[in-house]
Structure formats: C-alpha cells, structure tokens
Visitor: 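This structure is in structure tokens; I'll ask about it shortly.
Bear in mind that the values here come from a model prediction, so they are computed numbers and not experimental data. Just so it is clear, the values below take in all heavy atoms, side chains as well, and ignore hydrogens, waters and symmetry mates. In what follows, every chain begins at residue 1, and chains take the letters A, B, ... in the order their sequences are listed.
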Amino acid sequence: MIDLKILQKDPQRVIKALADRASDIDVAEFLALDARRRALLTEVEELKGRRNAASAEVARAKRAGQSAESFIDGLGALSERIKELDIQAQEAVAATETWMLNLPNLPHQSVPVGASEADNQELRRHGAPRSFDFPVKDHVELGQNLGGLDFERAAKLAGSRFCVAWNWAARLERALISFFLDVHTRENGYTEVAPPYIVNRSTMAITGQLPKFGEDLFKLENREYFLIPTAEVPLTNLHAGEVLEEGDLPLAYAAQTPCFRSEAGSYGKDTKGLIRMHQFMKVEMVRFAHPDDSYNQLELMRRQAEDLLERLELPYRTIVLCTGDMGFGAAKTYDLETWLPAQNTYREISSCSNCEDFQARRGNIRFRPRGGGKAAFAHTLNGSGLAVGRTLVAILENGQRKDGSVILPKALRPYMDGMDVIAGRV
RNA sequence: GGAGAGGUAGCGAAGCUGGCCGUAACGCGCCCGACUCGAAAUCGGGUUACCGGUUAACAGCCGGUACGUGGGUUCGAAUCCCACCCUCUCCGCCA
C-alpha cells in the first residue's frame, strides 16, 4: 500500500507509475471514491459532533440532579440519521481501502521503464558458460539416469509439478540448504528462523499475496489458512504491528522453507523438470531497514545471493527488472539468472527486491527513531538465497560429463561427505 | 475437544455499580532539564495513532474515530448483551 497522500496530492505520479507498469488501473476511479469518502465523513462527523455535545449536556444535567429530558428529546432521531450515514461512510472507506490494497507499489526512479521482460536491463555477468564437446542432457535426463529424480512416482503420489528425490538428490537438496544457511548465518550476519509454513489471511495480505493474487495460493479447506508461496511471507510478518528500535536496524533473517504455488495460469510453461513446481525448497533472506539505508541493503543482499552462485561455480547474470516486469509489492528488483546449458539460456534462480514501505504500511511495521520521536515505517526487503530446486538443476546441467555423471562444486563436497562426482545410485 | 482466566499506549497495569476516563490513574521505558568533573541514583517536565475540515504545510487550530474483531441495547458503551478471533492455565487426545 502506498501513502494515501501521494494519491491525493500527486495523482499524476501514480498515473505515470501505473502506465510504466503497463497496468490498467484507473486513478480517476480512486479520486471519485475518495471524494465520496471525504464528503460522507465530513457530513457524518459533523452530526456526531452535535450528538457528542448534546450527550455532554445530558451528563452535566444528570450530575447536577436536573432533568435531562429536554436535551434527550430529538437525539434518537439524530442517532438514527447518524447510523444511516455511517453505514454509507464505512462503505466508502472500505471501497477506497480495497482500491488501495489492489494498487501495486511505485517503481523506484532507478528502475528502467519497460512493458515486459524484454526491457529488463542486464547489470553484470559472471562466469563463462561451459562449452561442451558432447550433446548436453537436461537435468531431467541426468537426474533420472542417475536414479535421483523420480517424477513418475511423484505424479502417482500427488500429480504433475511434483518430484520425489532419491539418494544423492535428496542429500544434495539438504546439502544446498545447509550450505546456504551456513554462509548466511556465519558470514553474512543473518539470524536463522524456522517459521510456520501455514499462515492466515491477514499475513498474506500484508506481504501483498492477497487480496489480489489468491489464485496463486494453496488454501486449506476448513479455515482461513494458506500455504506460504515463499518464506518472505512469514519472515516479513514477524514484526507486523511492532515498533522496532532504529538502533536494531537493519534486521536480517534467513529461513529455509518449502514454498507452495498453485501455478494457475502457467499451463504449458516449464512442464518438464524441476523448474516450475507446486512445491520447492528455498532459502530466503529478509531484511528490515531504515528508509535511508534500504537501497544499500538491497545491493548488499544482491551481492550475497551472487556470492552463493560464485561459490558454486555457476555462471550467472544479474538483471534489473523493468517497471512492467516487477512484482506487485516491489519498488526495485534484481533477478539473478543462472546458465542452463540444456536450455541454452539464463534462468531465474534468485529475486531480490526492495519493497520500501509498501508492506510496512500494510502491516504497520515501524521503528522508533534514535532520540525518540514519531515512529516511522521501516523498509522491507526480500531475496532468494537461493532457490534450492533450481540450484540443483544448474549443478546437474553445468557439471555434467559425457558419461552422464556430474561433478559437484567444491563448496558442496563437505556437505556431501566428500563426494565429488555423482555417478549413480549412492 | 472440555473447564477457567484474559486481550486497554512502546511495555506492564488500573478502570469494568454506563456520562469531565482516553492526549487513559500508577509503574517501567524513552526524550528534555536540574544536580554532578562525568555517570548512577534522585528531583522536575514531556511522550497515542489514524481520519476529516482549514492550510503552502506531514505546523497550528477545530472536529471525528479507536479499549481483540464484528454486531446489539441506549440520548450516551472500555463498562451491559450476542457472535467470532487470539493468548494463557488445567484436563483429554496426540508427533
């Protein structure tokens, strides 16, 4: 949610931002809703003021032991009128709130303007894609041949877009999680958190998954419970409704969680393999920062994610998402894409965003300035560090050899009992 | 699932025989000041948020709203009634 005052006083800025995002949301609609809201509030508050004054007279008369009947006369009718107007006013308030909750964040001025991913800007590349002197296999073929990835049985258990990992693959997933979290907690100053994987509606609304993107979520049947699509949701909500101390900022949390996504609307996309799953593991970084510092924190987080790829010896590039390709709550987003030889392209493996105060407003996440004073909204940031399933894909495809075995990155070997090559069932 | 207790400011807590009690007693914390070489202790003062109107103003002033959430009774609700949510304790069940 953006600041209401920006909409009221500088609607052109919002109109521009929405155009940049290629959104069809109509600011004029909001302006009309808001005008109605304010007119109704002015009217009903004037009546309430009169009622409050009259009630004070009643109280005064009763305390003085006098009859209050003359004051009470007619107040019933006034209260009836207030009740009617109040309903209209509350509806008008709710209408503006709903509109605001469906409005995406304003892009930061440094974000390139563009309509689609074609307009994203490449920031840097690291590592040259390997050249292979044999036909490359994709991770599905490699993983199945080596007895690690089992999509058939996963389909039996659950359906498409699930995978059973056996032996070295299950171990490799656990190794990646441990490796990522060890780097984050030992070297990068993150506090490790193990949050719930199920959250309520309010939590989903604060980070922006609801009300607009409910169809992307898995919802439990009996209650207003949702499976998290990313650990960003529980981690960012950790401080909802709280007032932090400025001196404690920035706060940095890391968690490994499964992520659940319905992938509605992605029929036919990435149907093969581990790229797009209903359930996948991810290590997530979340930071709470001072507004003046949040873009430094974004760069820091981006570097931390890049560093993981470098240690895993995976070629990657970093891109800045353009206005039209950014997520709902983000003001600026970097995507890290790792090279996948079988697809002969770079694919997203991490996304690092600064949401500025967009989520903080929804969740009332504030901090008390040093030296006291009014609490202000913190900035929230999130980034993958990294998506585990896709990292496993990259390791298989980039490390493959002609005989179908896979060389493991050195950084991972301590986590695999010293194993350096995946050569078959272990 | 059964029984009980509770949800009030940054935190703790009073108010709960309905009406100067919500810028909300009292305490803690925090801010300013006094004392001090400095600090601690002590003493004095200050410290809710949001919305509407006015406005150049996110200054001031006027008004409204908020005591877990939503309803109800009433001229008037933190206070009385109903429903729901959450937390805690005990019991039951259970990894």
Side-chain angles (χ1 to χ4, degrees), chain A residues 1-10 13 30-101 194 196-206 220 222-226 234 237-249 251 288 291-292 356-357 360-378:
Chain A
M1 184 147 56
I2 69 165
D3 188 349
L4 173 68
K5 289 191 176 61
I6 294 175
L7 269 162
Q8 291 173 334
K9 303 201 167 153
D10 194 3
R13 182 178 161 199
F30 168 82
L31 263 17
L33 287 173
D34 193 49
R36 175 173 162 78
R37 176 185 70 94
R38 291 200 272 183
L40 283 165
L41 281 179
T42 302
E43 191 178 358
V44 74
E45 284 176 6
E46 199 271 329
L47 295 182
K48 282 181 177 175
R50 267 158 59 187
R51 182 178 66 186
N52 288 347
S55 285
E57 290 300 319
V58 173
R60 198 167 297 132
K62 290 226 171 173
R63 268 198 310 279
Q66 297 163 355
S67 163
E69 292 310 309
S70 61
F71 297 115
I72 292 176
D73 275 351
L75 284 183
L78 179 59
S79 278
E80 281 306 309
R81 177 74 185 129
I82 287 173
K83 193 175 286 185
E84 290 166 18
L85 268 177
D86 220 15
I87 289 168
Q88 292 179 46
Q90 291 320 307
E91 284 170 355
V93 168
T96 55
E97 273 175 6
T98 300
W99 195 92
M100 298 264 303
L101 283 174
Y197 307 151
I198 299 175
V199 299
N200 60 32
R201 177 172 291 274
S202 156
T203 297
M204 283 295 185
I206 284 169
L220 302 197
N222 302 330
R223 300 179 61 167
E224 289 292 282
Y225 275 160
F226 302 84
N237 273 277
L238 245 20
H239 294 301
E242 296 183 11
V243 180
L244 306 165
E245 293 298 329
E246 178 179 347
D248 291 338
L249 300 178
L251 291 167
F288 297 83
D292 296 340
E356 298 188 0
D357 64 5
R361 279 179 191 282
R362 294 174 162 236
N364 210 19
I365 304 166
R366 294 173 295 166
F367 70 93
R368 180 85 56 197
R370 243 184 281 267
K374 196 175 154 174
F377 291 116

Visitor: Taking the minimum atom-to-atom distance to the side chain of A:R38, which one of B:G19, B:G53, B:G76 wins?
Guide: B:G53
Visitor: Check the pair A:M100 / A:L7 against side-chain contact (heavy atoms from CB on, under 4.5 Å), numbers first and verdict last.
Guide: CA-CA 9 Å; A:M100 298 264 303; A:L7 269 162; 3.1 Å; yes
Visitor: Can you check side-chain contact (heavy atoms from CB on, under 4.5 Å) on A:R38 and A:Q8, steps first, answer last?
Guide: CA-CA 11 Å; A:R38 291 200 272 183; A:Q8 291 173 334; 4.0 Å; yes
Visitor: Both distances under 3.5 Å, Watson-Crick or G-U wobble: report the partner of B:U65, or none.
Guide: B:A49
Visitor: Nearest-Å distance, CZ (A:R366) to P (B:C58)?
Guide: 19 Å
Visitor: Tell me: CG of A:L40 to P of B:G53, nearest whole Å?
Guide: 12 Å
Visitor: If I take atom CD in residue A:E80 and atom P in nucleotide B:G76, what distance separates them, rounded to the nearest angstrom?
Guide: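 From A:E80 CD to B:G76 P: 9 Å.
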Visitor: Hey, is the side chain of A:T42 poking within less than 4.0 Å of OP1 or OP2 on B:G64, counting only N and O atoms?
Guide: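 Looking at the OP1 and OP2 atoms of B:G64, neither is under 4.0 Å from any side-chain N or O of A:T42.
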Visitor: May I ask you to say what A:E246 touches in the nucleic acid, namely base, sugar-phosphate or nothing, with a heavy-atom cut-off under 4.0 Å?
Guide: nothing
Visitor: Separation of A:D86 atom CG from B:A66 atom P, in whole Å?
Guide: 9 Å
Visitor: If the C1' atom of B:G6 is compared with that of B:A95, how far apart are they to the nearest Å?
Guide: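 It comes out at 30 Å once rounded to the nearest Å.
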Visitor: Just the rounded figure in Å: distance from C1' of B:U65 to CD of A:E97.
Guide: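 My rounded result for the distance is 13 Å.
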Visitor: When the nearest nucleotide of RNA chain B is assigned to A:L41 and to A:A56 on a heavy-atom basis, which residue is associated with the more 5' position?
Guide: A:A56
Visitor: Rounding to an integer number of angstrom, what distance separates B:C88 and B:C31 when you compare their C1' atoms?
Guide: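 Their C1' atoms lie roughly 35 Å apart.
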Visitor: Given atom CG of A:L47 and atom P of B:U65, what is their separation to the nearest angstrom?
Guide: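 So the CG-P distance, A:L47 to B:U65, works out to 11 Å.
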Visitor: Taking the minimum atom-to-atom distance to the side chain of A:R368, which one of B:G10, B:C75, B:C50 wins?
Guide: B:G10
Visitor: For atom C1', what is the distance between B:C75 and B:C84, given to the nearest Å?
Guide: 29 Å
Visitor: Considering every strand shown, what is the Watson-Crick or G-U wobble mate of B:U54 when both distances are under 3.5 Å?
Guide: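 In the structure as shown, B:U54 has B:G60 as its Watson-Crick or wobble partner.
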Visitor: Check the pair A:N364, A:R366 against side-chain contact (heavy atoms from CB on, under 4.5 Å), reporting the backbone distance first and the verdict last.
Guide: CA-CA 6 Å; A:N364 210 19; A:R366 294 173 295 166; 3.3 Å; yes
Visitor: Checking base pairs now: Watson-Crick or wobble, both atom distances under 3.5 Å. What partners B:A78?
Guide: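 B:A78 is paired with nothing.
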Visitor: Which base, if any, makes a Watson-Crick or G-U wobble pair with B:A13, both distances under 3.5 Å?
Guide: none
Visitor: Which pair of heavy atoms, one from A:R362 and one from A:I206, lies closest together, and at what distance?
Guide: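 Looks like CD-O, 3.2 Å.
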Visitor: Measuring from the side chain of A:A59 (C-beta onward, heavy atoms only), which nucleotide among B:G76, B:C51, B:G19 has the closest atom?
Guide: B:G19
Visitor: Please assess A:M204 against A:N200 for the test side-chain contact (heavy atoms from CB on, under 4.5 Å), listing each intermediate value before the final yes or no.
Guide: CA-CA 7 Å; A:M204 283 295 185; A:N200 60 32; over 6 Å; no
Visitor: Quote, to the nearest angstrom, the P distance that separates B:G76 from B:C86.
Guide: 32 Å
Visitor: Quick one: which of B:G63, B:G19, B:U65 gets closest to the side chain of A:N52?
Guide: B:U65
Visitor: Which heavy atom in A:R361 sits nearest to a heavy atom in A:I2, and how many Å separate them?
Guide: CD-C, 3.7 Å
Visitor: Is any side-chain N or O of A:Q8 closer than 4.0 Å to OP1 or OP2 of B:C51?
Guide: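 No, outside the criterion.
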Visitor: Classify A:K48 by what it touches in the nucleic acid, base, sugar-phosphate, or nothing, heavy-atom distance under 4.0 Å.
Guide: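 Sugar-phosphate, backbone atoms only, no base.
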Visitor: Whole angstroms only, please: what is the NZ-C1' distance between A:K9 and B:G52?
Guide: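 Nearest whole value for this atom pair: 12 Å.
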Visitor: Nearest to the side chain of A:K5, which nucleotide is it out of B:U73, B:C51, B:U65?
Guide: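 Shortest atom-to-atom distance from the side chain points to B:C51.
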Visitor: For B:A24, give its Watson-Crick or G-U wobble partner with both distances under 3.5 Å, or none.
Guide: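 Partner of B:A24: none found under 3.5 Å.
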Visitor: Let me spell it out: for each of A:V44 and A:K62, pick the nucleotide of RNA chain B with the closest heavy atom. Which residue's pick is nearer the 5' end?
Guide: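 Whichever sits nearer the 5' end wins; that is A:K62.
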Visitor: Under 3.5 Å, is there a donor-acceptor pair linking the side chains of A:S55 and A:N52?
Guide: no
Visitor: Mind checking if A:D3 touches a base, just sugar-phosphate, or nothing, with heavy atoms under 4.0 Å?
Guide: nothing
Visitor: Taking atom P of B:C58 as reference, at what distance in whole Å does atom CG of A:D10 sit?
Guide: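 Interatomic distance, CG of A:D10 to P of B:C58: 14 Å.
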Visitor: In Watson-Crick or G-U wobble terms, both distances under 3.5 Å, what is the partner of B:C88?
Guide: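 Pair assignment: B:C88 / B:G4.
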Visitor: Once you apply a heavy-atom cut-off of 4.0 Å, does A:R37 come out as touching a base, just sugar-phosphate, or nothing?
Guide: sugar-phosphate
Visitor: Got a salt bridge between A:K5 and A:D10, using NZ or NE/NH1/NH2 to carboxylate O under 4.0 Å?
Guide: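 So A:K5 does not pair with A:D10 through a salt bridge.
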Visitor: Say you pick atom P in B:C28 and the same atom in B:G45; how far apart are they, in whole Å?
Guide: 14 Å
Visitor: How far does the P atom of B:U65 sit from the matching atom of B:C20, given to the nearest Å?
Guide: 14 Å
Visitor: P atom, B:C30 versus B:A41: distance in rounded Å?
Guide: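 One P to the other, the span is 10 Å.
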Visitor: Provide the Watson-Crick or G-U wobble partner of B:G44, both distances under 3.5 Å; none if there is no partner.
Guide: B:C32
Visitor: Using the P atom as the point on both nucleotides, what is the distance between B:C26 and B:U48, in whole Å?
Guide: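 It works out to 14 Å between them.
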